[in-house]
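Read the structure below first, then the notes.
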Amino acid sequence: MSSLNLDDFTDLIERPDGGVRRDAEARRERQVVPPGALGRLDDLGEWLAAAQSAVPVRPIERPRAVLFAGDHGVAALGVSARPAGSAEQLVRAVLEGTSAASILARQLHVPVRVVDMALDCDPEGLPADVVRHRVRRGSGRIDVEDALTPEEAEAAFRAGMAIADEEADAGTDLVVLGDVSVGGTTPAAVLIAALCGTDASVVTGRGGVAIDDLAWMRKCAAVRDALRRARPVLGDQLQLLAAVGGADLAAMTGFLLQCAVRRTPVILDGVVSAACALVAQRIAFRAPDWWLAGQTSGEPAQAKALDRMALEPLLDHGVTIGEGAGALLALPLVRAAAALAAELPEKPAAAPSAAEQGRPEQE
């Protein structure tokens, strides 16, 4: 019998401090730049103040990009532009600093942490700190079998929780969340379609590296078949992740929920992180108050998930590569909002009138 009770998250997760947010709004009204003139940056600054319980808001000084990695068995159907089982190559590019996400992180001075949950490769070939949470080698082909056993799903979920605790204990003040996977957008589409009550064709996109029409039709068929397997277990989110998710998605879901418990803000990247966030919302309805949608990836499933969670993306640059790249691009915007909220001077106090000073007014 599992000791993991997902209902506990509803009690453990509180919303960002509403009183502090009102204080931040009042401070914003006193600043020299008129309220509203900074557009979305005003709202971001106030959100950060509430998340930090601090007015003025503190600068983002210790961000971290956390990337969960895994291979998905469904990629063997030709639903991805990359070969099945090749996520290891993507991970190596991140670790060597040659991936797009690594280059962006380096420019933004953001350390990157890669967590192997289910890569289809020999673990001895990767650093020990990358593979220490691995649950299995690759996730099952979700159109015909479960991605994980119940025990593996719980182990992955708990691993995500543990990593969130490690980051919070290390002083990480904002997480950029992403995935490094091959085939990962297919289970993401299944989870979102299942939770939103949508057909396969509505949520199936072209993936991080755009696939052709034939591959898209194969992907639609895989999503459709996996949906049939998902619907009977919709009432149990951990069982849902085991049936049609994957070790990396289960870990990301646990990570997101525990970040909310630990009051650590998170920027979501693409459709995979959005799918995990939607599952997490089903577990604890207040959790999305701790997340920002970094960007619009163009995946229809992502748009559906973000709309369901009432999260409005910060950017729309058409970045589809994954690996947290789109969310990293949103980080400077968040940092700018924090700086403006903290450093804009307040308007000088108006001089008191004669009546307020107790002197008779001159005619």
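If you read the sequence from its start, that first residue is 1, and numbering goes on from there.
Residues Asp199 and Ser201 have side chains that never bring a donor and an acceptor to within less than 3.5 angstrom of each other.
The two atoms that bring Val203 and Ala189 nearest to each other are CG2-O, 3.6 Å, heavy atoms only. Nearest heavy atom pair, residue Asp120 against residue Arg137, reads OD1-NE, 2.8 Å.
Placement of Val55 and Leu344 in two distinct hydrophobic clusters is found when ILVMFWY residues are connected by side-chain heavy-atom separations under 4.5 Å, directly or transitively. The cluster map of Ile, Leu, Val, Met, Phe, Trp and Tyr, joined by side-chain heavy atoms under 4.5 Å apart, puts Leu256 and Leu4 in the same cluster. The cluster map of Ile, Leu, Val, Met, Phe, Trp and Tyr, joined by side-chain heavy atoms under 4.5 Å apart, puts Val110 and Ile103 in different clusters. Val202 and Val190 are assigned to two separate hydrophobic clusters, defined by single-linkage of ILVMFWY side chains at heavy-atom distances under 4.5 Å.
Between Leu292 atom CG and Leu314 atom CG the span is 5.5 Å, to the nearest 0.5 Å. Rounding to the nearest 0.5 Å places CE of Met117 at 9.0 Å from CG of Leu148. Between Gln281 atom CD and Arg308 atom CZ the span is 8.0 Å, to the nearest 0.5 Å. With rounding to the nearest 0.5 angstrom, the OG atom of Ser297 is 8.0 Å from the CG atom of Leu306. A distance of 4.5 Å separates CZ of Arg136 from CD of Glu152, quoted to the nearest 0.5 Å. The CG atom of Leu249 lies 4.0 Å from the SG atom of Cys276; values are rounded to the nearest 0.5 Å.
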> Are Phe285 and Ile13 close enough, and set up right, to give a side chain to side chain contact (heavy atoms under 4.5 Å, CB included), and what steps lead you there?
Replying inline: CA-CA 9 Å; Phe285 67 96; Ile13 294 173; over 6 Å; no
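Among residues two or more places apart in sequence or in another chain, the salt bridge (Lys or Arg N to Asp or Glu O under 4.0 Å) test is passed with Arg132 by Glu166. Residues satisfying the side-chain hydrogen bond (donor to acceptor under 3.5 Å, both in side chains) criterion with Arg134, sequence neighbours excluded, are Asp116. With sequence neighbours excluded, no residue forms a salt bridge (Lys or Arg N to Asp or Glu O under 4.0 Å) with Glu343.
The stretch residues 253-278 participates, sequence neighbours left out, in these salt bridge (charged side-chain N to carboxylate O under 4.0 Å, His left out) pairs: Asp165-Arg262, Asp169-Arg262. Sequence neighbours left out, the pairs with a member in residues 53-108 that pass ring-ring contact (aromatic ring centres under 6.0 Å, His included) are Phe68-Phe255.
The backbone N or O of Thr186 lies less than 3.5 Å from no partner atom in the side chain of Lys219, so there is not a single donor-acceptor pair.
Grouped by direct or indirect side-chain proximity (heavy atoms under 4.5 Å, Ile/Leu/Val/Met/Phe/Trp/Tyr only), Leu67 sits with Leu90, Val91, Val94, Leu95, Val112, Val114, Leu119, Leu126, Val130, Val131, Val180, Val182.
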